[in-house]
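Report on one structure; see the data block that follows.
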Amino acid sequence: MTVRRTSCNLCEAICGVLVTVENGRVTDIRGDESDPLSRGHICPKAVALRDLQDDPDRLTTPVRRTPDGWQQISWEAAYEIVVGKLTGIQKEHGRNAVGVYLGNPNVHSLGALTHLPTMVRQLRTRNRFSATSIDQLPHMLASYLLYGHQLMVPVPDIDRTSYLLMLGANPLASNGSMMTAPGFGTRLKELRKRGGKVVVVDPRRTETAAVSDEHHFVRPGTDAAFLLALIHQVISDGHAQVASYVDGLAAVEAAVEQWTPERAAAITGIPAEVIRRVAREFAAAERAACYGRVGVSTQQFGAICQWAIQVLNIITGNLDRSGGTMFPRPAVNALLGLGRGHVGVWKSRVRGLPEFGGELPVPVMAEEILTPGEGQIRAMVTVAGNPVLSTPNGRRLDEALGSLDFMVAIDPYINETTRHADVILPPAPPLEREHYDIVFHQLAVRNTARWNDAVLPKPDAARHDWEIFRDLGLALVRRTPWSRRRAEVTARLRMPPRWIVDAGLRIGPYRLSVRKLRRSPGGVDLGPLQPALPAALHRKTKRIDLAQRMILDELPRLDALTALSADELLLIGRRHLRNNNSWMHNSARLVKGRPRHQLLMHPDDLADRDLSDGQLVTVTSAAGSVAVEVAASKDIMPGVVSMPHGFGHNRPGSRLTVANQVQGPSVNDVTDATLIDPVAGTAAVNGVPVTVTAG
Ligand SMILES: Nc1nc2c(c(=O)[nH]1)N[C@H]1C(S)=C(S)[C@@H](COP(=O)(O)OP(=O)(O)OC[C@H]3O[C@@H](n4cnc5c(=O)[nH]c(N)nc54)[C@H](O)[C@@H]3O)O[C@H]1N2
Ligand SMILES: Nc1nc2c(c(=O)[nH]1)N[C@H]1C(S)=C(S)[C@@H](COP(=O)(O)OP(=O)(O)OC[C@H]3O[C@@H](n4cnc5c(=O)[nH]c(N)nc54)[C@H](O)[C@@H]3O)O[C@H]1N2
Ligand code: SF4
Ligand SMILES: [Mo]
């Protein structure tokens with residue numbers, strides 16, 4: 001029996017874990033007390049890491065779809081089919097005829113971060129998509145506009161703050177996002193024990209709201225009005241003061257002039273006196289941080305919300321000071337590996353939505369496959385993604401994937417999306433990989449660093465994800481004429497992830513190396529976050545301009561928001577501690593307990609429609625409808641219903657062993673691909689108008 005150390009990579013909290021291995025099999029997983037960031041915390045998902053390892057559903061060799069079913073093939077044969085098909089289709093129909101979707105688990109895998117972008121670049125297609133545009137795109141846009149780099153994202157310094165204002169986030173279920181703060185519940189307790197205050201704004205009284213000082217219901221999709229009114233109040237109270245490197249306050253003042261707390265109250269449902277008081281408390285707090293996540297990103301005013309959150313922190317002097325919102329300084333600078341960003345350099349073919357950072361927004365993916373004409377997508381590459389369940393109007397995408405000439409999925413499972421693939425290439429599971437977290441140290445509430453050796457050996461016949469990207473990338477680049485670029489790409493693809501991390505550590509601010517980190521397998525503490533502005537800004541001027549035209553020009557759109565009405569019903573999402581997006585529903589250990597896919601609805605809304613708790617109802621939007629059990633809940637705002645995403649495993653051909661508890665429908669069969677935030681095309685899956693009827 002041996003105990004090995006690694007980190008859990010299933011969410012953004014990157015908890016250190018101790019894995020007990022007996023005779024080559026995992027027998028126990030627990031928290032690693034010596035990790036300076038997670039301090040021993042884990043959640044139930046970590047324990048399911050062993051299920052991924054031993055999962056009978058998991059593919060261990062490439063497979064090819066044939067008329068007689070799935071057939072195992074060798075890696076070499078698989079690569080030959082994939083590269084032959086992709087290059088053939090591009091030759092005939094142009095480069096953009098191949099589309100790519102990169103899903104969430106890629107940001108949790110070192111090998112995907114080091115090798116996937118290089119492989120994708122060899123396809124030279126503009127039809128690139130990822131989970132970003134149904135997730136954190138508004139954060140990245142705000143960071144790009146204000147700080148000059150899409151990944152220069154400040155995080156709330158929750159270990160030192162005295163006032164945390166949280167919108168559209170439920171870290172007690174999600175374990176935190178765009179904010180790596182393992183053991184968030186404990187950190188929240190510590191905050192309140194210090195005399196600090198936590199205020200939650202959410203259309204549902206969430207698990208996080210339940211352990212906070214205050215919770216306010218907000219009508220979905222209207223947070224922008226609330227935030228602009230906070231800014232209005234701070235400025236009109238004379239409490240706004242900006243650092244010497246900040247411009248544009250006068251323009252912001254003019255832009256929010258009409259946004260009085262009274263006007264915002266009528267739209268949001270949050271009383272004017274509460275808005276006024278929260279603004280004053282926030283401005284007066286010794287150290288305050290405003291933070292907003294999925295609920296204020298994947299909605300129609302997501303970009304305005306994320307900009308306004310930054311503005312509120314900046315004008316109250318809380319950006320870049322301890323206890324406010326701060327920029328982490330990780331041992332490997334993730335900003336170097338990714339461009340600063342750009343927006344609107346090209347547009348999607350059918351709807352004309354802008355690219356951001358080289359990607360088009362996911363709400364246009366299905367139409368780009370289904371609409372004939374030059375530039376139509378005829379082949380797809382999906383990597384660690386299940387967009388049939390994860391993106392709006394999933395049924396249409398499902399149909400679109402079925403119409404392709406060719407599809408390859410790099411994924412360990414045959415699921416709702418990958419069942420459409422002609423070839424599936426399964427990577428080795430997380431416990432067989434080495435890991436350094438390039439992305440989430442960049443978003444962590446404390447500077448730490450940790451290298452993980454693989455816990456278990458990879459069988460010889462298996463391939464790591466980076467080896468798959470390397471081999472595909474090499475095969476693609478080999479088909480191009482010799483050039484210096486080709487030589488550089490070849491060298492980069494051949495470099496193992498460990499070398500890339502080592503180089504990043506050596507040139508990083510702490511001059512570390514993989515060898516040094518391996519001496520402290522629980523991780524090293526690099527201390528609390530430090531002020532970094534204005535030097536760290538990715539702008540030559542070293543100045544921040546609040547008056548961003550892209551945002552200010554969009555504010556008049558808010559005029560269309562009407563006062564709350566009694567007969568509207570808006571659908572929002574939710575997460576549960578024991579679910580993980582669209583996968584892991586085949587882990588018996590995780591799904592045990594009561595079903596949790598129900599539509600939550602306020603008892604008054606049920607009564608108004610003669611519906612009763614537990615009954616089967618139909619939820620209908622402009623995009624489609626699903627049948628689901630309804631559960632009465634006083635914790636949801638009247639006029640709002642909530643359903644989690646990632647369910648809908650009942651599609652034919654999916655090969656997952658899914659228990660009865662997780663047989664709910666996919667909420668994204670109801671969400672609408674035409675509902676977007678037009679600023680950057682982010683999918684608005686929160687605040688979808690629906691009706692709920694019996695049956
Ligand atoms: N309505 C609604 N929809 C949402 C959301 C919402 O709140 N509401 N949330 C959105 C958000 S924030 C996100 S991030 C997306 C997530 O949606 P996706 O990008 O689809 O990501 P997952 O659902 O995590 O999909 C995981 C896929 O990756 C595969 N996989 C797991 N591990 C690995 C691995 O190590 N390597 C490879 N190659 N594959 C792996 C799984 O088998 C599965 O196919 O969903 C979005 N969809
Ligand atoms: N257990 C678990 N953990 C996860 C995941 C998971 O699937 N399961 N997914 C991971 C991923 S990919 C991500 S991106 C993160 C997300 O992390 P979080 O953003 O913390 O996740 P959610 O629980 O979806 O919280 C969103 C909240 O927004 C609220 N909301 C919806 N609409 C609105 C609105 O219009 N205004 C306001 N103010 N609130 C609104 C919802 O009620 C919900 O409470 O979680 C990550 N962690
Ligand atoms: S919170 Fe849970 S899922 Fe997230 S990293 Fe920690 S143990 Fe893993
Ligand atoms: Mo996400």
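Note that ligands are numbered from 1 as they come in the structure, with each ligand's atoms numbered from 1 the same way. Quick caveat: nothing in here was measured; it's all calculated off a predicted structure.
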- Nearest 0.5 Å, what's the CE-SG distance between Met166 and Cys290?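 If I round to the nearest 0.5 Å, the distance is 10.0 Å.
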- Item | Interatomic spacing from OG1 in Thr132 to CG in Leu141 - rounded to 0.5 Å |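 Taking OG1 in Thr132 and CG in Leu141, the distance rounds to 12.0 Å.
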Select one of side chain, backbone, both or neither to describe which atoms of [X] lie under 4.0 Å from any atom of ligand 2, heavy atoms only.
X: Lys45; value: side chain
X: Gln299; value: side chain
X: Val294; value: both
X: Asn170; value: both

- Message: Is the distance between the ring centroids of His441 and Tyr436 under 6.0 Å?
- Response: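 Yes.
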Which residue owns the protein heavy atom closest to [atom], what's the atom, and how far is it?
atom: atom 40 (C) of ligand 2; result: Pro203 CD, 3.3 Å
atom: atom 43 (C) of ligand 2; result: Asp202 OD2, 3.4 Å
atom: atom 31 (C) of ligand 2; result: Asn686 OD1, 3.4 Å
atom: atom 37 (C) of ligand 2; result: Asp223 OD2, 3.4 Å
atom: atom 33 (C) of ligand 2; result: Gly295 O, 3.4 Å

Looking at [X], which atoms of ligand 2 are within less than 4.0 Å of one of its heavy atoms?
X: Val201; result: 38 (N)
X: Asn581; result: 6 (C), 7 (O), 9 (N), 12 (S)
X: Thr206; result: 44 (O)

Any [X] heavy atom less than 4.0 Å from ligand 2:
X: Gly687; result: no
X: His576; result: yes
X: Leu577; result: yes

Counting only pairs under 3.5 Å, give me each side-chain donor-acceptor contact of residues 103-112, with atom names and distances, residues two or more places apart or in other chains.
{"from": "Asn106", "atom 1": "ND2", "to": "Gly103", "atom 2": "O", "distance (Å)": "3.1"}
{"from": "Asn106", "atom 1": "ND2", "to": "Val383", "atom 2": "O", "distance (Å)": "2.9"}
{"from": "His108", "atom 1": "ND1", "to": "Asn9", "atom 2": "O", "distance (Å)": "3.3"}
{"from": "Ser109", "atom 1": "OG", "to": "Gly111", "atom 2": "N", "distance (Å)": "3.4"}
{"from": "Ser109", "atom 1": "OG", "to": "Ala112", "atom 2": "N", "distance (Å)": "3.4"}
{"from": "Ser109", "atom 1": "OG", "to": "Arg433", "atom 2": "NH1", "distance (Å)": "3.4"}
{"from": "Ser109", "atom 1": "OG", "to": "Asp465", "atom 2": "OD2", "distance (Å)": "2.4"}

- Query: For Arg276, what residues pass the salt bridge (charged side-chain N to carboxylate O under 4.0 Å, His left out) criterion, not counting sequence neighbours?
  - Reply: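 Result, salt bridge (charged side-chain N to carboxylate O under 4.0 Å, His left out) vs Arg276: Glu262.
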- Message: Please classify the Asn9 to ligand 3 contact at 4.0 Å (heavy-atom distances, strictly less than): side chain, backbone, both or neither.
- Response: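 No part of Asn9 comes within reach of ligand 3.
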Taking 4.0 angstrom as the limit, do [X] and [Y] come out as a salt bridge?
X: Asp159; Y: Arg446; value: no
X: Arg5; Y: Asp32; value: yes
X: Arg39; Y: Glu33; value: no

- Task: Tell me the protein N, O or S atoms under 2.8 Å from atom 2 (Fe) of ligand 3, in chain and number order.
- Result: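 Near atom 2 (Fe) of ligand 3, the protein supplies Cys43 SG.
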- If only atom types and distance count, is the side chain of Thr671 paired as donor or acceptor with the main-chain N or O of Val685 below 3.5 Å?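 Not a single qualifying donor-acceptor pair exists.
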- Message: Under 3.5 Å, is there a donor on one side chain and an acceptor on the other for Asp51 and Ser587?
- Response: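 A pair is found: one side chain offers a donor N or O, the other an acceptor, under 3.5 Å apart.
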All N/O donor-acceptor pairs, side-chain side in residues 636-647, below 3.5 Å, sequence neighbours left out:
{"from": "Ser642", "atom 1": "OG", "to": "Arg574", "atom 2": "NH1", "distance (Å)": "3.0"}
{"from": "His645", "atom 1": "NE2", "to": "Asn581", "atom 2": "OD1", "distance (Å)": "3.0"}

- Task: If the plane angle is over 60° it's perpendicular, under 30° parallel, otherwise tilted; pick one for Phe282 and Tyr163.
- Result: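 Phe282 and Tyr163: perpendicular rings.
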